[in-house]
Amino acid sequence: MLSSNFGKRNGSSTANQWRASRCPEVRKGRQSNCHNQLETPLSDISGNITSAKSSKRTIEDFFKGQATKKRRQDGPEPTTPSATEEPQASTESLVDEDDDWAEDPDTPRDVDEDLGSSAELEQPVTEENGWIRIGPQPAGLGHDIHSAPMSKANSLLKRKLRISGQNSDAKVPGTDSASVEEGCQRLMRELVATLTEHTNGSVKRLCDYTGREMSWAPGPKTVSLEADGSLRYHAAPNAHLVMNGLNMVKRRYPIAILPLLAVILNANVDTQQSTIAWAFNALCNTASLHYSFKTVVSVKATRFKNWAAWDEAKQRAMLEALRTVRKTPTVDEVLSTPDQLFRVDAAPTQIRQSSLIDGENSRWERQYPVLLRIAARYELNRNDFEFYLTIPLTGLNKRVFYPFHVLSRPQAQTIGWNWYHLSRLAARMLNTMRKKCNKHAEAAGLGDKGMNEIRLVYWMVAHFSSQIQTIKKDMPTATREEIRFQILDRWGLPIVPWVQNVLCASLCKGPDHGIAMQFGITEPVGLESFDPVRHIDLSKCTITIDTIATNMGMWNHHRDSWPQIREILRAVPLRHPLWRIDDCAGNNIWGAMADPTINPTVPVAEFDVPLVPIDAWFQSSVLRPRCEPCNVEFQNLGLLVQHCRCTHSSVATPMQEPTSSEQDDIDAKYWRDGFTCSWPDCDRVMGSRQQLERHMRMHTNDRRFRCDWPGCDYATVDSSHLTTHKRIHTRDQRFACDSPGCDYVATNAQRLADHKISHTQDKPWACDYPGCDKKYARNAELTKHKKSHTGQAEFRCDEPGCNMVCTQAGNLRRHKDRRHPGWRERETTK
């Protein structure tokens with residue numbers, strides 16, 4: 001089994017003891033095998049939660065006395081810094097409203113299924129510890145189920161393929177619903193062939209990336225469908241089955257980030273700084289490839305169009321570069337300039353006018369003494385503050401606040417980091433938090449309304465000063481250089497400000513991902529002015545700063561699962577049939593300076609294995625994983641990785657224990673006594689209690705998610721359905737028909753693909769029943785139609801005097817809604 005502690009990275013280092021103390025869920029994970037515990041309901045996770053009525057009073061009390069003050073005023077700025085004066089926020093907008101760089105908006109639609117997340121809280125609930133729960137809540141701790149009946153595994157894979165086909169593959173240029181469905185069926189056959197037979201008709205599967213056993217129950221180890229590159233998205237050899245935790249960390253970034261993150265997490269931060277520097281440099285170069293090849297674009301359809309516009313030579317060069325991080329002539333041709341590669345937001349370079357930069361520099365220079373006062377609260381004198389948290393201001397004998405990792409300082413100096421960069425970064429981070437991470441709390445009026453980019457910089461000074469204070473106390477014999485190197489996120493990753501880098505700074509929910517984000521700021525009362533030293537209380541703060549990798553990896557998993565996700569990431573090997581990081585990838589940083597005081601050291605790979613030939617991506621070849629030295633072929637990549645670790649490993653690697661008979665009993669009980677629907681004539685088994693609750697809402701017609709568009713009374717049982725419905729009102733142009741003269745706008749990619757068939761009248765799916773000449777545009781429609789011939793799965797209406805017979809349960813429910821109103825209420829009272 002994967003260890004629940006930090007393994008060889010931590011050892012007995014006091015620095016890592018500090019990191020564990022900063023992340024109490026990691027400390028807890030050392031004593032308990034948290035990922036084998038049963039799923040916990042929300043009430044158990046949250047502790048004692050107050051009722052909605054008492055919650056409302058608690059929230060009012062919590063905000064009692066807090067005045068909402070307008071900070072973006074007209075008028076002159078103060079001429080001298082004062083302990084009680086706050087500078088005005090810039091009148092120019094420092095953030096782009098369409099900035100989607102930091103977090104990918106294309107969240108997988110099956111993410112709730114993978115997590116088993118609980119219902120969304122529409123009204124805030126206050127806990128005894130002061131946390132305010134709102135919006136989607138974290139999943140329960142979940143089960144660790146290593147095997148599944150073949151029918152259940154089949155069903156799970158089909159659902160994932162259907163979702164990926166609708167959400168991703170339908171956006172590939174030149175595809176239609178028939179080709180997408182045909183591709184899904186072909187891939188389904190290929191994936192089923194990779195499953196390993198276990199006992200009593202059950203099957204198992206190892207993760208293609210790590211060679212570790214995956215779980216068939218929701219959680220960070222659950223089976224997830226992932227695709228690399230941009231060619232034929234979910235198709236051989238591009239589609240793989242991996243752990244959901246890895247899928248969430250990788251997101252839309254190149255595959256090379258996973259082994260490089262693993263190198264940092266596996267290195268000892270006290271004794272292997274040169275190895276960390278190598279991986280850091282390579283991650284910066286991977287981000288440069290990501291941006292220069294335009295794979296950074298968050299909209300999948302745009303990425304596919306970019307890919308289709310390239311000739312085959314460039315496509316090959318891109319795929320090869322992204323899996324090796326090797327600098328080739330093609331890479332040199334497309335590589336962007338440093339000011340584009342190392343940028344803090346999505347704004348074009350031209351916006352950085354000298355007058356704006358000079359204005360920001362002048363404003364913040366007057367506030368520099370205030371920053372020193374904040375740092376002094378955490379026992380940092382001026383020399384400490386400037387050594388740990390500032391860098392020289394280019395061309396001036398002054399310094400500028402820079403709290404990010406020391407390895408990123410040379411890149412900041414390359415682009416001439418100044419106060420304007422800092423202001424734009426703060427504005428982008430705050431905007432992203434409000435639009436995405438904290439949007440439910442903001443909509444409920446629970447956000448820090450007085451927070452702006454200036455206050456955020458104040459808060460960042462307090463946050464990082466407090467972190468340094470803790471490191472110094474935990475490492476009393478450490479040098480200043482060693483302490484500075486330890487300024488890392490909760491998982492031990494270095495933080496950078498560069499927006500396209502997976503190490504980019506992100507405002508994250510600290511103790512739990514289901515609570516409102518609060519900075520711990522108290523608004524001044526009456527005529528009192530805001531003083532960051534007195535009005536920022538980190539003990540009341542529920543926010544921290546992590547890398548995007550850590551933030552997305554934690555996602556909405558239960559907080560006790562976070563250490564396990566980190567361990568999953570550590571298990572990614574440096575060399576793999578799908579990637580092979582070049583030894584020179586981390587020797588320097590392309591287009592910028594690297595830290596000259598550290599000589600990067602190439603890490604030792606666990607084992608060596610040849611890359612899959614690049615031709616496989618252009619021939620759509622099904623992978624046949626093979627160990628050449630042993631002349632053995634394997635069913636899937638996970639088995640090959642496991643074999644290489646057992647047989648050819650050159651370093652000591654903790655091995656995963658084989659499945660025991662006790663685990664087989666746990667698996668069997670899960671599927672036998674699991675979350676089975678108790679509704680009459682419905683025996684569906686769900687993967688978690690939360691999924692079962694969501695499924696039951698379909699039976700009871702609990703349409704709690706209502707459209708707030710004026711005049712619209714649409715209501716649904718699932719929040720994702722409401723999101724799709726709202727596109728009808730907003731006319732979201734992402735799914736607009738591009739046929740001449742057609743103004744049709746669909747609510748999702750699959751419906752758009754189905755609509756386009758109306759222009760071609762293409763119906764390739766013909767019924768083969770004798771005497772029937774029906775044809776359909778989609779195979780799913782043909783399957784439904786065939787049931788009318790065979791009488792398969794008849795669903796009869798049980799209302800008195802009605803003889804309606806349907807071939808699907810959903811059709812019967814819709815019939816009863818139309819013809820027999822109130823039937824659902826009668827069912828519940830039986």
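From a predicted model like this one, the values you see are computed outputs, not experimental measurements.
- In plain terms, the two heavy atoms of Ala279 and Ile264 that are nearest each other are CB-CG1, 3.6 Å.
- Here the options are Arg575, Arg326, Lys327, Arg323, the test is salt bridge (Lys or Arg N to Asp or Glu O under 4.0 Å), and the partner is Asp582; only Arg326 passes.
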Decide yes or no on side chain to side chain contact (heavy atoms under 4.5 Å, CB included) for Val572 and Thr210, but give the supporting numbers first.
-> CA-CA 5 Å; Val572 177; Thr210 65; 3.9 Å; yes
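- Using a cut-off of 4.0 Å between Lys/Arg side-chain N and Asp/Glu carboxylate O, Glu567 and Arg570 are scored as salt-bridged.
- Closest heavy-atom contact between Ala277 and Leu407: CA-CD1, 4.0 Å.
- Side-chain contact between Lys221 and Glu213 is absent, with no heavy atoms from C-beta onward closer than 4.5 Å.
- Considering all non-hydrogen atoms of both residues, Leu569 and Ala262 come closest at O-CB, 3.3 Å.
- For Gln413 (side chain) and Thr394 (main-chain N/O), no donor-acceptor pair under 3.5 Å exists by modelled atom type.
- Taking the side chain as every heavy atom from C-beta outward, Trp579 and Pro573 approach each other to under 4.5 Å.
- At least one donor-acceptor pair under 3.5 Å links the side chain of Thr194 to the backbone N or O of Leu191.
- The shortest heavy-atom contact between Pro410 and Met593 is CB-O, 3.3 Å.
- Within the 4.5 Å cutoff, the side chain of Phe634 has no heavy atoms near those of the Arg624 side chain.
- Residues Phe485 and Val269 meet the side-chain proximity criterion, which asks for heavy atoms closer than 4.5 Å.
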Go through Glu482 and Asp270 one step at a time and tell me if the side chain to side chain contact (heavy atoms under 4.5 Å, CB included) criterion holds.
-> CA-CA 8 Å; Glu482 290 172 338; Asp270 296 325; over 6 Å; no
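- For Leu335 against Ser292, the heavy-atom pair with the smallest separation is CA-OG, 3.5 Å.
- Taking CG of Asn636 as the reference point, atom CG of Asp208 lies at 5.5 Å (rounded to 0.5 Å).
- Side chain of Arg428 to main chain of Val344: a donor-acceptor pair is present (N/O by atom type, distance under 3.5 Å, no hydrogens or angles).
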Decide yes or no on side chain to side chain contact (heavy atoms under 4.5 Å, CB included) for Trp278 and Asn587, but give the supporting numbers first.
-> CA-CA 6 Å; Trp278 180 90; Asn587 288 350; 4.0 Å; yes
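- A 4.5 Å side-chain heavy-atom check between Trp590 and Leu289 finds at least one atom pair inside the cut-off.
- Trp498 and Tyr402 have tilted rings, their planes meeting at an angle from 30° to 60° on a 0 to 90° scale.
- For the side chain to side chain donor-acceptor pair (under 3.5 Å) test with Asp489, the passing option among Thr544, Thr550, Asn551 is Thr550; the others fail.
- The distance from the CE atom of Met248 to the CD1 atom of Ile568 is 12.5 Å, given to the nearest 0.5 Å.
- Cys504 approaches Val499 most closely through the heavy-atom pair SG-CA, 3.7 Å.
- Taking the six-membered ring for Trp and thresholds of 30 and 60 degrees, Trp417 and Phe404 have ring planes more than 60 degrees apart, a perpendicular arrangement.
- In this model, a donor atom of one side chain and an acceptor atom of the other lie less than 3.5 Å apart for Gln340 and Thr337.
- Counting heavy atoms from C-beta outward, Val502 and Thr547 have side chains that stay 4.5 Å or more apart.
- With rounding to the nearest 0.5 angstrom, the CD atom of Gln272 is 9.0 Å from the OG1 atom of Thr601.
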So His513 and His557, side chain to side chain contact (heavy atoms under 4.5 Å, CB included) or not? Walk me through it.
-> CA-CA 8 Å; His513 275 208; His557 291 290; over 6 Å; no
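- Note: Leu156 CG to Ser224 OG = 9.5 Å, rounded to the nearest 0.5 Å.
- With hydrogens and angles ignored, the 3.5 Å screen pairs a side-chain donor or acceptor of Gln635 with a backbone N or O of Ala193.
- Between Tyr209 and His240, the ring planes lie tilted relative to each other; the angle falls in the 30° to 60° range.
- Side-chain contact between His643 and Cys630 is present, with heavy atoms from C-beta onward closer than 4.5 Å.
- Here the side chains of Lys250 and Ile255 are in contact, with some heavy-atom distance below 4.5 Å.
- Between the CG atom in Leu187 and the NZ atom in Lys160 there is a gap of 13.0 Å [rounded to 0.5 Å].
- Taking CG from Asn501 and CD from Gln411, the interatomic distance works out to 9.0 Å, rounded to the nearest 0.5 Å.
- For Asp546 (side chain) and Met552 (main-chain N/O), no donor-acceptor pair under 3.5 Å exists by modelled atom type.
- Of the possible polar contacts, one joining the Asn247 side chain to the Leu225 backbone as a donor-acceptor pair under 3.5 Å is found.
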